[in-house]
Amino acid sequence: TKPYNLPMVMVRVDAAIRKRKLADPYATGQELMFDVASTDALTGLRNRPYFLLRFDEEVDKAHRYDYPVSCAVFDLDDVKALDDELGPAPVDDLLAEIAMSLRTFTRNNDVLARYDGTVLAVLLPHTPLEDAINYASKMLSEVGNTTYSAPCYPTRARLSAGVATCQNGSARGAEFVLGEAMRGLLQAKSL
């Protein structure tokens, strides 16, 4: 129905394309079920269980092959309506649009996921801390400079971020690195 929210339409089209690709005659039902079970329905991103599983796998590989793995965690911090009479866009629509913005600047081998509520997490394999900080800064700037409208509610949003890295073969596991990123996020939100 009109007016429609373009990001929400794109998320649904992306999910349909993924489902169609998996529905080839050689694909098993398990592959299709896994894709559906590991995808967040609202944003089209991966979900928390998938993210945690991949994070553990990637940190194990990083220890074995001696390369850095970074994690960036983002949270919706501030939502401001640009038209006081209309108010801000609904949070669900805004989150879907922010997810699309982040997806645009995320590499194919990175894992972008909706971690919890308005928290989004990104797993950045082969990425040292400095590059992860640059990535997070770019994302904060991109989201902060974008006007979202869903479909008639011009809105500005601001994210906070936390970044942490597991450097070349350190004994720290995925849980520790994610905890450090979350601590960084809490510090950023308290500023």
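The figures that follow rest on heavy atoms only: side chains count, while hydrogens, waters and symmetry mates do not.
- Two residues are said to be in side-chain contact when any heavy atoms from C-beta on lie closer than 4.5 Å; L123 and R54 meet this criterion.
- Across all their heavy atoms, A164 and E180 have their closest contact at CB-CB, 3.6 Å.
- Between V177 and V69 the shortest side-chain heavy-atom distance does not fall below 4.5 Å.
- The line from SG of C71 to CG of L185 is 10.0 Å long, rounded to the nearest 0.5 Å.
- Taking 4.5 Å as the limit, some side-chain heavy atom of L159 sits within range of a side-chain heavy atom of I98.
- Taking each heavy atom of A136 and A161 in turn, the nearest pair found is CB-CB, 4.3 Å.
- Within 6.0 Å of NZ on K80 lie no more than 12 heavy atoms contributed by other residues, nucleotides or ligands.
- Cluster annotation: F105 and L102 are assigned to the same hydrophobic cluster (Ile/Leu/Val/Met/Phe/Trp/Tyr, side-chain heavy-atom contacts under 4.5 Å, transitive).
- Between the CG atom in L178 and the CZ atom in R183 there is a gap of 9.5 Å [rounded to 0.5 Å].
- Counting heavy atoms from C-beta on, the side chains of V119 and F74 never come closer than 4.5 Å.
- Between C166 atom SG and F176 atom CZ the span is 9.5 Å, to the nearest 0.5 Å.
- Closest heavy-atom contact between L95 and G117: CD2-O, 3.4 Å.
- At a threshold of 4.0 Å, the pair D40-R46 does not count as salt-bridged, since none of the basic side-chain nitrogens sits closer than that to a carboxylate oxygen.
- Side-chain contact check for S160 and D77: at least one donor-acceptor pair (N or O, by modelled atom type) lies under 3.5 Å.
- Using a 4.5 Å heavy-atom threshold, the side chains of V111 and Y50 count as touching.
- To the nearest 0.5 angstrom, L129 atom CG is 9.5 Å from N134 atom CG.
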Fill in: Derivation of the side chain to side chain contact (heavy atoms under 4.5 Å, CB included) call for R48 and D116
CA-CA 7 Å; R48 180 181 182 160; D116 188 31; 4.1 Å; yes
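- Distance alone, capped at 3.5 Å, is enough to place a donor-acceptor pair between the S190 side chain and the Q187 backbone.
- Side chain to side chain, Y67 and E58 meet the donor-acceptor criterion of an N or O pair below 3.5 Å.
- No chain of hydrophobic side-chain contacts below 4.5 Å, direct or via other Ile, Leu, Val, Met, Phe, Trp or Tyr residues, connects V73 to V163.
- Applying the ring pair (Phe, Tyr, Trp, His ring centres under 6.0 Å) test to F51 and every residue at least two apart in sequence or in another chain returns F55.
- Residues forming a side chain to side chain donor-acceptor pair (under 3.5 Å) with K61 (at least two apart in sequence, or on another chain): none.
- Taking CZ of R107 as the reference point, atom OG1 of T127 lies at 3.5 Å (rounded to 0.5 Å).
- In this structure, L45 and L120 have side chains that are in contact, with non-hydrogen atoms separated by less than 4.5 Å.
- Put simply, the side chain of S137 gets close to the backbone of I133: a donor and an acceptor are under 3.5 Å apart.
- Here the OG1 atom belonging to T106 is positioned 10.5 Å from the CG atom belonging to N109, to the nearest 0.5 angstrom.
- A donor-acceptor pair under 3.5 Å links the side-chain atoms of N47 to the main chain of A37, judged by distance alone.
- Within 6.0 Å of atom CD in E175, 12 or fewer heavy atoms from other residues, nucleotides or ligands are found, so the atom counts as exposed in its surroundings.
- Side chain of T165 to backbone of Q167: no donor-acceptor contact under 3.5 angstrom is found.
- You'll find the side chain of V91 reaches within 4.5 Å of the side chain of L76, heavy atoms only.
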